[in-house]
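As the structure is a prediction and not an experimental result, all values here were calculated from the model. In the text below, chain A, chain B and the rest are named by the order of the sequence lines, each starting its count at 1.
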Amino acid sequence: MCLDRRGVYLAATTWEAVMTEQACISDLKHHVDAPVTLRGWLQGKRSGGKVVFMLLRDGTGVCQCVVEAKDAEAFEVASSLGQESSLYVSGTVREDARSPGGFEIAAGSVRAIQSSEDYPISRKAHGTDFLMGHRHLWLRSERQSGILRIRHTVIREARRFFDNRGFTLIDTPILSPGAAEGAGTLFPVDYFGEEVYLAQTGQLYLESACQALGKVYCFGPTFRAEKSKTRRHLTEFWMIEPEIAFAELPDLCELAESFVEHIVQSTLAAHEGDLKALGRDIAPLEKIKAPFPRLTYSEAVELLRSEEVHLRLLGELEEDKGRLGSWIGQLQELEKKLSEAKKEWQRENITREIHDLRDEIRTLEEDLGNRPDHIRDAREFEWGKDFGGDEETILCGQFDRPVIVTRYPREVKAFYMKADKDDRRVVLNLDVLAPEGYGEIIGGSQREDDLHALIARMDEEGMEKAPYEWYLDLRRYGSVPHGGFGLGIERTVAWICGLKHIRETIPFPRLMSRIYP
RNA sequence: UCCGGCGUAGCUCAAUGGUAGAGCGGGUGGCUGUUAACCACUAGGUCGUAGGUUCGAGCCCUACCGCCGGAGCCA
C-alpha cells in the first residue's frame, strides 16, 4: 500500500499511483503541464472518429479528459466504458476553457476499475418518482451533491455557533417511554413487549441537562408520524435544539436571530458557487441580518386584519393576474417555437416546457380563484386561532427578513410553555418564519418553571402525571427560568438553497409514501 | 382523513373509440475538438390491476392499487 500527499490510501494494485502524482480535480491549477493521475467516475462521454472526450467526476469537481486514437490502448478502453464506470486517467494537465473546470487532461492512459453498463439515470430529464427510487445513484448528480455540501455547512455552522458560545452538546434519547404531545403523531416501537416511541423532540431531556450544565443543545433525528404529503414535510428530519438556564423570552429571540443570521451568512460565504449552480438568487439571503422584525401574536393578528395588508394583497392579486397573462403569452411563443424546431430532442424539450407551463398556469388559475377567500379570511382573522400556511405567507410577505412572532394563545400551544404573567391568555413562545414562503423554521418558548402552574396546565390537558414525575422533579429541585427552541435543518437548507421540495435536502428522505432506498 | 392531478418501451412523453409511436438511453457502423455532440441502421410493449359499455377500448364507465401536491397538522 502507499499514501498520496494528502494521506489517502491507494490500493497497491494501481500502477499509475507510482507512475505519476495523484491529483484531485479541484487542485489541477497547481499541476499545469505536469503529468497527473485522476481517479473517479465517468459522468459522460462524447466521441469523434479519432478522439474521445470523457467527463470525469472525482467528488471535488468535473474535468474533461481527452483521449486520442494514437494512444490505441487508452482509446479502446475509453470507447468501451459506460456512464458511471470507475476509472483511473493519467495524462498531462493543460488549460482549456472548453473543459468545465477550465483545465483538461490530455490522457495517455485510461484504466477501468469497474466497467459500468446500463446506468439507469441518463443525462436527460427524469420524473421525481424514478429519481427518488434511485436516490442512491441520484446523489451523484452535481445538483444533489451541491445541496448535500450546503447541508453539511449548515449543520457545521449551526453547531459551531453554539460551541463558540459555551454550549455543551447533549445527546438525547431516540427511544422514549411516553408521548410528550399528541401520541397520534408518534411512531410506536416494540421495546421487549412494551410500546415505546421514536422521539419527536429532545426538549424535555435538555431541560434536565440545562440545570446541570447551564447552556446545552442537542442535534439529532426526530420522527413525526403525521400523514402530511406536502413539499414541506418529512417523517424523519433533523433538528438542532438549544436550551438555556436563566434565559427568558427576549434572550431567546436575540439568540434565535443571531443564530439564523450566522447560519445564512456563513453558508452564503462558503457556497456562492453551489448556490449559483442551483439557480438561487442570493440577493434576498444577503439581507438576512439581525435584528429581525418582531411581532406579538396579537400584533400579527392586527396586521393580518389591517388595511395596509389588505391593499397589498389586492395589489398582488392584480400583479398575479398580469403574470398569468404573460405566462399565456409565453405559452403561445413556445407553441410557435415548437412548430419551428428542427431537432427531435428540441421538440421534446419544448413539449416538456409547454407541459410544465400549462401545469403552472393551471395552479396559478386555481390559486387566483381561491385568493379572494384568503384575502377575506385574513381580514376577518379571529384572535385565538393558530396561523395556517396562508397566514404565515401573508405575514412573511410584509418583510424581507425572517419574522419573529411571540406570545401565541395558550390553547394552541404545548403544556410546558410558560404563561405570560401580564396576559394569562398567551404563552411566552416564539416562532421564526422564514421569508419567501418557506414557513416556520424555528419554534420554541420559555418553559413553565413553577411546579403548581405546570401541574394545573397538565390537568387542563387531561394528561397523566406519572410518566412525567421526573420532569416535575426539575421544578421541585432548584427550578429556574429557562427556555429554548428547535430549528429544522431541512427547512433551513430548503430555504437557503431556494428549493421547491424538502426531499432534496436530506440524503435519504423518509416520506409518508417512501422508505426505499 | 378530505380534495385535485397523473399511471403507455429502461427513461421522458405522444397517439378523434378503428394497424402501438417519437426522442433519449442500449447495440452496430461512420465522423480529429465535442459541450445534453452529430449522422445512419437496430433491438425493445401484459398501455397500473380487475371488471363493465361497445362490432371494436390506451382512450368511455366503476372499483382498487401506486405516485404527485394541496388542506388539516407541523419543523
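Of the side-chain N and O atoms in A/S513, one or more sit less than 4.0 angstrom from OP1 or OP2 of B/C68. The shortest distance between the side-chain N/O atoms of A/R232 and the OP1/OP2 oxygens of B/A71 is below 4.0 Å. Under 4.0 angstrom from either OP1 or OP2 of B/U1 there lies at least one side-chain N or O belonging to A/K227.
A salt bridge is absent between A/R232 and A/E490; no separation between the charged side-chain nitrogens and carboxylate oxygens falls under 4.0 Å. Of the charged side-chain nitrogens involved, at least one lies within less than 4.0 Å of a carboxylate oxygen, so that A/E84 and A/R57 count as a salt-bridged pair. Between A/R294 and A/E257 there is a salt bridge, with a side-chain nitrogen of the basic residue lying less than 4.0 Å from a carboxylate oxygen of the acidic one. Classification of A/E382 and A/K385 as a salt-bridged pair fails, no side-chain N sitting under 4.0 Å from a carboxylate O.
Along RNA chain B, the nucleotide nearest A/V66 and the nucleotide nearest A/L131 are compared for position; the residue whose nucleotide lies closer to the 5' end is A/L131.
Between A/W383 and A/Y297, the ring-plane angle classifies as perpendicular under the 30° and 60° cut-offs.
Taking the C1' atoms as reference points, B/G33 lies 22 Å from B/A40, given to the whole Å. Comparing the same atom, P, in B/A22 and in B/C65 gives a spacing of 36 Å after rounding to whole Å. Straight-line distance between the C1' atoms of B/A15 and B/A57: roughly 14 Å, to the nearest whole Å. Comparing B/G26 with B/C73, their C1' atoms sit 47 Å apart, to the nearest whole Å. Nucleotides B/C24 and B/G44 place their C1' atoms 14 Å apart, quoted to the nearest Å. For the C1' atom pair drawn from B/G56 and B/G30, the interatomic distance equals 46 Å after rounding to whole Å.
Residue contacts shown for A/E236 are absent, as no nucleic acid heavy atom lies under 4.0 Å away. Using a 4.0 Å heavy-atom cutoff across all strands shown, A/R231 reaches sugar-phosphate atoms only and no base atom. Within 4.0 Å of A/F237, counting heavy atoms only, lies at least one base atom of the nucleic acid.
Nearest nucleotide to the side chain of A/S122, out of B/C24, B/U1, B/A75: B/C24. Which of B/C67, B/G69, B/A37 sits closest to the side chain of A/R503 comes down to B/G69.
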